[in-house]
Amino acid sequence: MSKNILITGGAGFIGTHLTRLAKAAGHSVRLLDNLSPQIHGENAAFAPPEGVEFVLGDVTVRADIERALAGIDTVVHLAAETGTGQSMYEIDRYYRVNVQGTAVLLDILANTKTEVRNIVLASSRSVYGEGAYVCHDCEPSGQRCFPNSRLPADLAAHDWTPKCPRCGAGIAETATREDDKLSPASIYAATKLAQEEMIRIAATSQGLAYAILRFQNVYGEGQSLQNPYTGILSIFSTRLRLGLSLPVFEDGEETRDFVHVEDVANAVLRFVEKPALSGALANVGYGEPTSIMEVATLLAQLMGSETKPHVTAQYRVGDIRHNFADLAALEAATGFRPAISLEEGLGRFCAWVETQPIPQDMLDKANAELKARNLMG
Ligand SMILES: NC(=O)c1ccc[n+]([C@@H]2O[C@H](COP(=O)([O-])OP(=O)(O)OC[C@H]3O[C@@H](n4cnc5c(N)ncnc54)[C@H](O)[C@@H]3O)[C@@H](O)[C@H]2O)c1
């Protein structure tokens, strides 16, 4: 059955892909977005695709959300500030947009008669902090464990790898499941966890369906090339185009689970089309870890650059070492599993990057902001 969908933050990276897929599947789509200058540049103009309504507005402004909700049955809540490092010193802004913005939305749903029946939240793997590990010293066959976030002192000593919280031995990463320990390591992550809990509680009490989707590192065509605070592939692609070096934090062996944006949009659409009344909670990733050194090397190759990434042993407070998704819950709920390999997805990303103007490199500026606050070493 076709849905009337409101996508908050719908002019952004994931929203744009979701809009395309939702329209193609026959749904009506309205976007609410404030065209944040950090993402879209100053004085950005945005032309929504044909047949898509666009409301220029802010999720922290009650009247804007009320206007955007008319006739809507499904809300996909994407609008957010998304920079992990930046969140550590722009705490008020991250709280206001991510937590207060969600509070305003839920307050309207609690106090106004609307047609909304389903809310889908874009949450993040950052709510776990470090992912799951196994310790073979505690149990020869491998005992699951959840190390605490690395302390600034550990990072300063270049002690990158988390240790078993029980016996202190070295541990190996394993796929993270939805019922694993939650331990946000950044203000951004704390705001995403707050969004999750608020939506779970409010939707349950209001009898609404909801889905909480924890995205891993989403990449692909259309990701902001302007925003220096997030999106490692954007930052690296810009530096490669400008002939600049590719500095890789820590020892380059830290891993992320890179999932192509089209797979993510497809996963979201499944939860739009099949509302879960008792709530759904699912990781959305590709389900494989890739080291930052590996992804930087592959990107340079695909962009035809001779540049070799180099490790700097620099680090950011709040970064995790490893986390990749267990996808069993996603598959059980939807029958869908992301299938776009890193090689294919990066190929698509690189082809798109070539069509874009070369942005200014802002990495040094972003790093200087962190260093000035002792959040980077
Ligand atoms: N991209 C990833 O790797 C990733 C990973 C995990 C979770 N997520 C989550 O997915 C969601 C979408 O991420 P994205 O990558 O598309 O980000 P994005 O920055 O490309 O898009 C976010 C959109 O929200 C809009 N926005 C920001 N503040 C707003 C406000 N106050 N009112 C209205 N609109 C506002 C921005 O203008 C932008 O268009 C976010 O909630 C993010 O936390 C993304």
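Note that the numbering runs from 1 along the sequence shown for the chain. Numbering of ligands and ligand atoms starts at 1, following listing order.
For residues 72-92, every residue pair satisfying the salt bridge (Lys or Arg N to Asp or Glu O under 4.0 Å) rule, not counting sequence neighbours, is listed here: E81-R93, E90-R93, D92-R96.
Ligand 1 lies under 4.0 Å from heavy atoms of G9, A11, G12, F13, I14, D33, N34, L35, S36, I39, H40, G57, D58, V59, L78, A79, A80, T82, V97, A122, S123, S124, Y188, K192, F215, Q216, N217, V218.
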Got a list of side-chain donor-acceptor pairs under 3.5 Å for residues 340-351, not counting sequence neighbours?
| residue | atom | partner | partner atom | Å |
| --- | --- | --- | --- | --- |
| S341 | OG | E344 | N | 3.2 |
| E344 | OE2 | R348 | NH2 | 2.9 |
| R348 | NH1 | E262 | OE1 | 3.2 |

Can I get a per-line list of side-chain donor-acceptor pairs under 3.5 Å for residues 242-252, giving both atom names and the distance, sequence neighbours left out?
| residue | atom | partner | partner atom | Å |
| --- | --- | --- | --- | --- |
| S245 | OG | R239 | NH2 | 3.3 |
| E250 | OE1 | R150 | NH1 | 2.9 |
| E250 | OE1 | R321 | NH1 | 3.0 |
| E250 | OE2 | R150 | NH1 | 3.3 |
| E250 | OE2 | R150 | NH2 | 2.9 |
| D251 | OD1 | E253 | N | 3.0 |
| D251 | OD1 | R321 | NH1 | 2.9 |
| D251 | OD1 | R321 | NH2 | 3.1 |
| D251 | OD2 | R321 | NH2 | 3.0 |

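Other residues, nucleotides and ligands place more than 12 heavy atoms under 6.0 Å from the CG atom of N111.
In summary, K192 and E196 do not engage in a salt bridge, as defined by a charged side-chain N under 4.0 Å from a carboxylate O. Using a 4.0 Å cut-off between charged nitrogen and carboxylate oxygen, D263 and R337 do not count as a salt-bridge pair.
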